[in-house]
> 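Structure provided below as structure tokens; questions to follow.
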Amino acid sequence: QVQLVESGGGSAQAGGSLRLSCTASVYIGGSRCMGWFRQAPGKEREGVAGIYNGGDIPYYADSVKDRFIISQVNANSTVYLQMNDLKPEDSATYYCAADLRRGAWYGCLSVPQYTTWGQGIQVTVSS
């Protein structure tokens with residue numbers, strides 16, 4: 001069973017940067033989408049950034065566009081999320097996810113697209 005392990009979370013000041021990493025326990029170069037989601041207390045999990053077809057096409061939520069960058073290294077099945085110009089509203093638990101099923105298409109920012117999830121990592125941004 002594939003496991004996804006996130007790292008790099010923590011605390012930052014508003015305007016600062018953090019980089020999240022997600023590494024798969026086995027090679028998953030055939031995944032259609034890999035993505036980052038976040039969930040704040042009392043809110044639904046939302047797609048932040050997704051990457052399609054091994055890094056060919058990135059997708060971003062409007063709230064993070066021009067601030068966050070998603071990238072993927074297929075050789076070690078690692079996906080990164082570079083988060084710049086952080087805002088307090090970016091505070092949440094962030095989850096890495098992979099689509100290993102290649103079934104119905106919902107989009108790389110949609111929760112039902114994904115079959116495998118990491119355990120989550122906390123990001124806290126203070127003003």
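Residues: numbered from 1 along the sequence shown. Because the structure is predicted, anything quoted here is derived from the model rather than measured.
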> Heavy atoms only: give me the nearest S127-P88 pair and the separation to one decimal.
CB-CG, 3.9 Å
> Show, in sequence, the C-alpha distance, side-chain angles and deciding distance for R67 and D90, and conclude whether the side chain to side chain contact (heavy atoms under 4.5 Å, CB included) test is met.
CA-CA 11 Å; R67 299 190 296 122; D90 293 320; 2.8 Å; yes
> Side chains of Q119 and E6 only: does a donor on one sit below 3.5 Å from an acceptor on the other?
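A donor-acceptor contact under 3.5 Å links the two side chains.
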> Between T93 and Q122, is any side-chain donor less than 3.5 angstrom from a side-chain acceptor?
yes
> Evaluate the side chain to side chain contact (heavy atoms under 4.5 Å, CB included) criterion for residues W117 and R45: first the C-alpha distance (whole Å), next the side-chain angles of each, then the deciding distance (0.1 Å), finally the verdict.
CA-CA 12 Å; W117 295 83; R45 190 170 297 190; 3.3 Å; yes
> Any chance you could measure L86, atom CG, to F68, atom CZ, to the nearest 0.5 Å?
5.0 Å
> Within the 3.5 Å criterion, strictly below it, is a donor on T124 or S91 matched to an acceptor on the partner's side chain?
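No, no side-chain donor-acceptor pair sits under 3.5 Å.
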> Set out, in order, the CA-CA distance, both residues' side-chain angles and the distance that settles side chain to side chain contact (heavy atoms under 4.5 Å, CB included) for Q82 and S17, then state yes or no.
CA-CA 7 Å; Q82 177 67 41; S17 298; 3.9 Å; yes
> Are the ring centres of Y114 and Y106 closer than 6.0 Å?
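They do not qualify: ring centres at least 6.0 Å apart.
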> Would L109 and Y59 satisfy side chain to side chain contact (heavy atoms under 4.5 Å, CB included), going step by step from the backbone distance to the final call?
CA-CA 7 Å; L109 293 180; Y59 298 89; 4.0 Å; yes
> Got a second to check how far R32's CZ is from C108's SG, nearest 0.5 Å?
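Reported to 0.5 Å precision, the distance equals 8.0 Å.
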> What heavy-atom pair brings Y52 and C33 nearest, and what distance separates the two atoms?
CD1-SG, 4.2 Å
> What's the shortest heavy-atom distance between T116 and L100, and which atoms?
OG1-CD1, 3.5 Å
> Distance from F37 atom CZ to Q113 atom CD, nearest 0.5 Å?
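Here the interatomic distance stands at 8.5 Å.
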> Would you say L18 and V125 make side-chain contact, with heavy atoms under 4.5 Å?
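Not touching, per the 4.5 Å side-chain cut-off.
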> For Y95, is the NZ or CZ atom of R38 found under 6.0 angstrom from the centre of its six-membered ring and inside 45 degrees of the ring axis?
no
> Quick check for you: to the nearest 0.5 Å, what is the distance between I121 atom CD1 and L20 atom CG?
6.0 Å
> So, do V79 and C96 sit near enough that their side-chain heavy atoms are less than 4.5 Å apart?
yes
> Do the side chains of I70 and Y60 get nearer than 4.5 Å, heavy atoms only?
yes
> If you take the centroid of each ring, where Trp contributes its six-membered ring, are Y80 and W36 closer together than 6.0 Å?
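Ring centres of Y80 and W36 not closer than 6.0 Å.
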> Measure the spacing between CG of N84 and CD1 of I69 and express it to the nearest 0.5 Å.
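Here the interatomic distance stands at 6.0 Å.
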> Report the distance from atom CD1 of I51 to atom CD1 of I57, rounding to the nearest 0.5 Å.
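That separation rounds to 9.5 Å.
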